[in-house]
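Counting starts at 1 for both ligands and their atoms, in listed order. Just so you know, these numbers use all the heavy atoms, side chains as well, and skip hydrogens, waters and symmetry mates.
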Amino acid sequence: MDGNKYRVGILSMQGATEEHASQLRNLGHEPILIKNKEMLKNADALIIPGGESTAIWRLMKKNDLIEAIQHFAQLKKPIFGTCAGLVLLGKGQVETEHPVNLGLMDIQVKRNGFGRQKDSFEANLDVKGMKEAYPAVFIRAPYIESAGEHVDVLAAYEGKIVAAREDNLLVAAFHPELTDDNRFLELFLSMVEEKVIAV
Ligand code: GLN
């Protein structure tokens, strides 16, 4: 990281934000809790956390953040969607009458895809580019039902895609902020670094 310090926005509508903030601080970066579109302008990157995707969507609308986040993505600023954040970043959702999507990543998502029997669980994942298995915490997690040709699949669990990257967008169906393992956040920060160097 060469001591670079990034201002990483965490969308703070509803859901798990504080764990993301402390993980960022531990790695020497500055979290910004984003509550409106003005605050987004100060961020180098954005994390859309887990929570209830429908509730987050409603609050994003109310705070005029939908177009602002779409614009942020067009500027190629990195965005990391975790769990509900994965649902929101996608282009579509299967088996739902009321999809909530920013329409940014070329994925079709199955919300609550792992079903009720498995509301929350942990699994060691083989992740592309990581030497050791990654301990992932899933909570009422979605999965990616299908992904476009430009999407790089990073991990699957029981044959379902649970982590992927497309250009400046990264998604994980699990909660990287709930483990001490920083490797997913570090992967995201390396995308921020690439972007900052490219500018
Ligand atoms: N099931 C939630 C949703 O789709 C996501 C759960 C989570 O973020 N932990 O909104």
Side-chain angles (χ1 to χ4, degrees), residues 8-24 31 33-35 45-63 65-66 69-70 78-125 127 134-147 151 154-166 169-185 187-188:
V8 182
I10 303 166
L11 189 68
S12 299
M13 302 287 103
Q14 182 267 350
T17 56
E18 194 39 53
E19 290 85 354
H20 282 290
S22 62
Q23 214 177 30
L24 280 162
L33 299 182
I34 304 286
K35 296 186 190 294
L46 177 68
I47 293 174
I48 304 182
E52 248 348 287
S53 47
T54 46
I56 298 174
W57 178 257
R58 265 199 306 277
L59 292 165
M60 275 160 66
K61 260 191 170 159
K62 191 170 159 197
N63 290 287
L65 271 158
I66 309 249
I69 295 173
Q70 288 165 336
I79 306 181
F80 186 13
T82 64
C83 203
L86 174 152
V87 176
L88 291 163
L89 274 183
K91 284 201 170 158
Q93 264 168 265
V94 296
E95 294 167 36
T96 181
E97 283 176 23
H98 303 288
V100 285
N101 300 115
L102 288 158
L104 295 172
M105 195 182 209
D106 193 7
I107 53 175
Q108 294 292 324
V109 177
K110 178 128 168 71
R111 196 175 163 218
N112 298 325
F114 289 102
R116 289 185 186 280
Q117 331 63 317
K118 268 196 188 170
D119 265 1
S120 74
F121 58 98
E122 287 189 39
N124 286 320
L125 299 180
V127 180
Y134 179 86
V137 177
F138 292 83
I139 304 170
R140 297 183 60 223
Y143 63 73
I144 297 173
E145 171 101 10
S146 63
V151 175
L154 302 179
Y157 175 69
E158 292 187 340
K160 319 284 193 205
I161 303 169
V162 292
R165 176 179 175 179
E166 183 181 12
L169 308 173
L170 178 69
V171 290
F174 42 88
H175 285 261
E177 79 285 9
L178 296 183
T179 61
D180 294 332
D181 192 318
N182 292 325
R183 284 177 293 166
F184 256 89
L185 181 58
L187 170 62
F188 181 56

J.: Taking the six-membered ring for Trp and the full ring for Phe, Tyr or His, determine whether the centres of Phe121 and Phe114 are under 6.0 Å apart.
T.: yes
J.: Which of parallel (below 30°), tilted (30 to 60°) and perpendicular (above 60°) describes Phe80 and Phe188?
T.: tilted
J.: At what distance is the nearest protein heavy atom to atom 5 (C) of ligand 1, and which residue and atom is it?
T.: Gly51 O, 3.3 Å
J.: Should Thr82 be counted as touching ligand 1, given the test is an N or O pair under 3.5 Å?
T.: no
J.: Hey, which atoms in ligand 1 end up nearer than 4.0 Å to a heavy atom of Arg140?
T.: 1 (N), 2 (C), 5 (C), 6 (C)
J.: Test of understanding: given a 4.0 Å heavy-atom threshold, classify the contact between Arg111 and ligand 1 as side chain, backbone, both, or neither.
T.: side chain
J.: Any atoms of ligand 1 less than 4.0 Å from a non-hydrogen atom of Gly50? List them with their elements.
T.: 8 (O)
J.: Which of the numbered atoms in ligand 1 are under 4.0 angstrom from any heavy atom belonging to Ser53?
T.: 3 (C), 4 (O), 10 (O)
J.: Check for a donor-acceptor pair, side chain of Asp181 on one end and backbone N or O of Arg183 on the other, with a separation under 3.5 Å.
T.: yes
J.: Please report the C-alpha distance between Val127 and Phe184 in whole Å, then the side-chain angles of each, then the deciding distance to 0.1 Å, and finally whether the side chain to side chain contact (heavy atoms under 4.5 Å, CB included) criterion is met.
T.: CA-CA 10 Å; Val127 180; Phe184 256 89; 3.9 Å; yes
J.: I'd like to know whether ligand 1 has Pro142 as a neighbour, heavy-atom separation below 4.0 Å.
T.: no
J.: Just by modelled atom types, is the Asp106 backbone N or O under 3.5 Å from a matching donor or acceptor in the Glu166 side chain?
T.: yes
J.: Between the main-chain N or O of Val87 and the side-chain N or O of Asn101, is there a donor-acceptor pair closer than 3.5 Å?
T.: yes
J.: Just how far is it from atom CZ of Arg58 to atom CD of Glu52, taken to the nearest 0.5 Å?
T.: 9.5 Å
J.: Cys83 versus ligand 1: do any nitrogen or oxygen atoms come within less than 3.5 Å of each other?
T.: no
J.: Which atoms of ligand 1 have any heavy atom of Asn112 under 4.0 Å away?
T.: 1 (N), 2 (C)
